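As structure tokens, the structure follows; a few thoughts come after it.
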Number of protein chains: 2
Amino acid sequence: MADDHVQSSGRMQAYSDAIFSIVATIMILPVAHTEIPKDKNLREVIFYQLLPKILIYILSFFVVAISWSAHVWLFQIIRHADDVTTLLNLLIMMIITFLPFTFTLMGTFPEFVLAIVLFSVCIIVLGLVQALVVLHVFRNPQTMEESIRNSENMTAVRNALLLRVLVNAILCTFAAVFAPVTSVISYVFLVMILFSPNIAVQLSKLISKCSGGRFQMSQEVVRRGKSYEMEVNKERVECYSDGVFAIVATLIILDICEKDIPSRTALKYEYKNDLVAALDHDSSVFLAYFGTFATVGLLWYIHHSLYHHLQRTSRLMTMFNNFSLAMIGGMPLAFKLTSLYNDTDFYNNERVAIQLSCVIMFLASISQLAIFVTALFRPEQDLTDSVKVGGQSHYYLLVKLLVYPTVSIIIYIISLTSDVLSVESFHVAQLGTPVLFFILWLIAVKIQRNVQEVLNPEEHPPIQEGINNENQRLLTVPTDNIDC
Amino acid sequence: MADDHVQSSGRMQAYSDAIFSIVATIMILPVAHTEIPKDKNLREVIFYQLLPKILIYILSFFVVAISWSAHVWLFQIIRHADDVTTLLNLLIMMIITFLPFTFTLMGTFPEFVLAIVLFSVCIIVLGLVQALVVLHVFRNPQTMEESIRNSENMTAVRNALLLRVLVNAILCTFAAVFAPVTSVISYVFLVMILFSPNIAVQLSKLISKCSGGRFQMSQEVVRRGKSYEMEVNKERVECYSDGVFAIVATLIILDICEKDIPSRTALKYEYKNDLVAALDHDSSVFLAYFGTFATVGLLWYIHHSLYHHLQRTSRLMTMFNNFSLAMIGGMPLAFKLTSLYNDTDFYNNERVAIQLSCVIMFLASISQLAIFVTALFRPEQDLTDSVKVGGQSHYYLLVKLLVYPTVSIIIYIISLTSDVLSVESFHVAQLGTPVLFFILWLIAVKIQRNVQEVLNPEEHPPIQEGINNENQRLLTVPTDNIDC
């Protein structure tokens with residue numbers, strides 16, 4: 001019966017990552033599905049109707065991301081998950097999946113006590129279940145990571161962990177208590193969730209100081225906790241990011257499936273059974289889809305190249321990554337607006353839609369660049385050799401990371417100064433960007449071949465085919481430990 | 001520059017798995033969002049309105065799953081993906097994500113030539129891009145798996161692979177050509193896609209026979225291909241399944257967010273600003289959500305336990321798994337119907353909705369059992385020691401796998417014979433099932449403790465705490481190579 005009760009926790013974590021990422025991203029849909037009349041000024045609609053919703057989306061994305069990082073942190077102590085931990089984790093997933101409802105409710109009725117209380121109760125229950133996991137794991141030390149099991153001061157580690165998972169619950173208890181009095185104070189407590197990792201560290205210092213050592217939560221433990229937080233497992237960041245990238249593309253096609261396939265009656269009476277005419281009516285949507293997918297796909301590709309060269313991820317880098325992902329989650333909104341204002345002349349709405357898309361693309365890609373720049377400050381710990389300053393792939397990666405910020409600024413400026421830019425040409429530009437990356441790759445291969453020839457002229461094989469093979473063999477480095 | 005051009009293919013595959021699984025599952029939404037009047041006979045609605053759509057959903061699920069297994073098969077030959085392969089893979093993902101559109105179009109207008117042609121063109125382009133990947137990889141042998149690179153007859157392997165990825169394209173070419181003549185023949189070709197792996201094997205035999213060895217596609221290569229197909233990587237099956245399980249739960253909450261949060265105006269005029277009353281109006285939805293999530297979560301848990309004990313997966317097992325996943329993808333439909341007919345007395349609709357849910361739960365869980373039974377036929381190759389007949393966890397796993405088929409049959413019979421069963425009690429039963437698993441776990445631990453005491457009475461430690469620790473230490477077996 002041995003290994004039936006206790007299973008490796010890898011798959012459970014990957015499954016949790018998938019749910020967290022989908023839950024975070026799916027909250028863009030209430031924003032993207034806002035009914036926008038075609039004849040209104042889009043600029044005004046954005047500021048008065050969309051912006052509050054967008055802010056709530058970003059806030060909720062970060063709340064989910066913070067919960068996810070606490071989950072990563074908690075499960076990093078578990079080496080093998082037994083059946084009880086697995087069932088408790090499913091309970092956590094159930095609450096996480098329910099969060100979008102309470103968050104949307106709070107976004108729609110921010111001043112209602114019930115909305116604040118419901119959301120708070122969710123977070124409180126979440127904290128309590130996570131605390132149960134901590135207690136269960138510490139009662140069964142054989143399921144823990146070796147380093148923690150062999151720690152001298154296990155009780156102190158446990159207390160620090162309990163505090164970390166309960167901090168949000170404490171903040172939300174205050175939020176719920178103050179909700180009937182005034183919602184402003186409640187929201188102050190709710191926004192503090194975004195800083196809960198830091199609050200937990202400060203609080204644990206305070207508690208050990210005040211209790212005079214009765215509560216063992218020593219600096220050493222806090223440091224350990226901090227270092228765990230710093231080193232959120234790179235593989236789990238990749239899994240989480242993949243989930244976001246994967247769901248964004250499918251959310252767009254879902255919209256097309258539900259809205260752009262005419263009903264049989266519409267086809268009969270509106271288009272006289274001419275399916276080509278019916279589809280042609282929505283043809284701009286398809287160009288928009290392929291253009292948006294190209295952008296999302298390439299941002300994944302850049303993310304993939306970047307994380308391939310990271311050795312560890314700090315909290316700041318994870319924060320930039322979360323922001324980048326939140327922006328990529330906003331692509332369905334960009335898709336909807338550009339396909340909606342495809343042929344309108346009202347108030348320059350077409351250009352405003354393009355500009356909004358550019359802003360989203362710019363913020364998503366510049367945050368990816370920010371991750372790399374952050375890593376460059378501590379290259380020895382954070383980066384592989386080849387992308388450090390002076391490394392052979394440094395410029396290649398840098399140029400890759402610069403493509404989207406540059407392209408989106410250029411398109412934005414063009415849209416400001418002239419009106420030649422249509423939604424169609426914007427999507428064609430999006431579709432053309434992969435060619436840019438292919439050319440970049442060709443140049444990089446060419447440069448390396450030249451370097452190779454200069455360095456080892458005697459190894460120059462006589463046949464062209466030979467050069468290719470030799471060159472490509474050199475390009476290959478086995479790095480097959482990056483799974484998931 | 002070395003490792004910048006060539007990256008381990010693990011993350012690319014995990015990302016592809018996520019997209020494939022989400023695309024396959026998301027096709028349930030056009031079924032689940034079918035407008036069903038509350039006062040109609042649900043039995044008739046199911047047979048005349050839903051069943052055709054459900055069949056199309058299952059067909060499309062399998063088409064995506066077949067494409068996925070071809071993708072797995074193709075990428076198993078790749079050890080490291082260079083930038084070109086990664087970009088081509090993104091192109092494949094773009095086509096895969098577009099498939100739901102063409103499939104929904106074909107489902108809505110099955111007799112229109114354009115619908116058949118559009119779908120066929122998608123599959124043809126997909127085949128051509130995959131063929132490009134094959135050609136690119138064979139021009140760059142250093143990116144291949146060692147076993148294939150060192151194969152004596154690489155050309156023959158390449159030809160077999162090309163045939164495998166092009167078989168669907170060939171079938172779809174015929175379908176598109178025959179579409180203007182008669183759509184029946186087209187659909188015969190399209191349904192043949194479901195058997196494309198076998199067709200590829202037979203076709204390659206035929207070609208090598210007819211060409212008399214000119215086309216090198218020898219039996220050996222075919223066998224190799226077959227064995228690759230047989231052994232679809234277990235980790236990728238797990239990733240793909242996790243994607244389906246994760247998206248199902250979030251699709252349900254998405255529905256709740258979009259439909260069960262009243263608008264501000266509705267709250268003002270319909271409920272006189274009483275949010276509690278407004279939410280109470282849809283309260284059944286929340287019970288339905290938690291019940292459905294419990295079921296999906298536990299089916300994941302059983303899947304997790306089962307695959308933990310599989311050493312390899314055959315084609316038949318993957319087929320059962322796909323069918324089980326397709327049924328789990330149907331849970332949003334069960335959710336919708338049970339929450340819709342919560343309080344209606346028309347035509348026993350409430351009981352019909354429960355029965356449909358039971359059928360879905362039964363089919364999903366019995367297919368999981370079928371995977372285990374299939375594995376029991378070749379226990380030496382397929383199973384870990386502990387779950388073979390006579391193994392110490394054999395019965396525990398078997399009982400776990402039997403819970404849902406039994407529970408759904410019992411509920412189904414109760415719903416036939418008496419009318420005490422309401423939707424509420426059904427969902428409460430769903431919510432109660434985790435307790436059943438917890439009791440099962442307690443019994444399993446208890447039995448093992450007794451076995452332990454009988455086997456090693458002298459090792460019996462004097463203190464109760466000691467028994468626990470000893471017992472739990474024995475339960476732990478490190479199996480941390482199952483990541484992702």
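These numbers were taken from a predicted model, which means no experiment stands behind them. Just so it is clear: chains get the letters A, B, ... in the order the sequence lines come, proteins before strands, and each one is counted from 1.
- By the side chain to side chain contact (heavy atoms under 4.5 Å, CB included) test, Asn273(A) pairs with Leu267(A), Lys268(A), Phe112(B), sequence neighbours left out.
- Ring geometry for Phe98(B) versus Phe290(A): interplanar angle of 30 to 60°, hence tilted.
- When heavy atoms are compared at a cutoff of 4.5 Å, Phe245(B) approaches chain A by way of both its backbone and its side chain.
- With contacts defined as side-chain heavy-atom distances shorter than 4.5 Å, the pair Thr104(A)/Ile256(B) does not qualify.
- Side-chain contact between Leu105(B) and Leu279(A): present, with at least one pair of heavy atoms (C-beta onward) separated by less than 4.5 Å.
- Note: Tyr301(A) OH to Met12(B) CE = 11.5 Å, rounded to the nearest 0.5 Å.
- With a threshold of 4.5 angstrom between heavy atoms, Phe109(A) approaches chain B through its backbone and through its side chain.
- Of the listed residues (Ala249(B), Pro434(B), Pro262(B), Ala115(B)), the one with the most heavy-atom contacts under 4.5 Å to chain A is Pro262(B).
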Arg11(A) vs Tyr307(B), side chain to side chain contact (heavy atoms under 4.5 Å, CB included): CA-CA, chis, key distance, verdict: CA-CA 10 Å; Arg11(A) 191 178 162 194; Tyr307(B) 271 76; 3.9 Å; yes
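- Residues Asp83(B) and Phe438(A) form no side-chain contact, since every pair of their non-hydrogen atoms from C-beta on lies 4.5 Å or further apart.
- For the pair Tyr15(A) and His304(B), the minimum side-chain heavy-atom distance is 4.5 Å or more.
- Proximity to chain B (any heavy atom under 4.5 Å) is shown, for Leu298(A), by both the backbone and the side chain.
- Looking at heavy atoms from C-beta onward, Thr97(A) lies in side-chain contact with Tyr289(B) at the 4.5 angstrom threshold.
- Taking the six-membered ring for Trp and the full ring otherwise, Phe286(A) and Phe101(B) have centroids separated by under 6.0 Å.
- If you tally non-hydrogen atom pairs under 4.5 Å between each of Ile19(B), Leu99(B), Leu254(B), Leu91(B) and chain A, the highest count goes to Leu254(B).
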Stepwise side chain to side chain contact (heavy atoms under 4.5 Å, CB included) test for Leu275(B) and Val113(A): CA-CA 9 Å; Leu275(B) 191 55; Val113(A) 175; over 6 Å; no
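- Of the atoms belonging to Leu118(A), it is side-chain heavy atoms, and not backbone ones, that fall under 4.5 Å from chain B.
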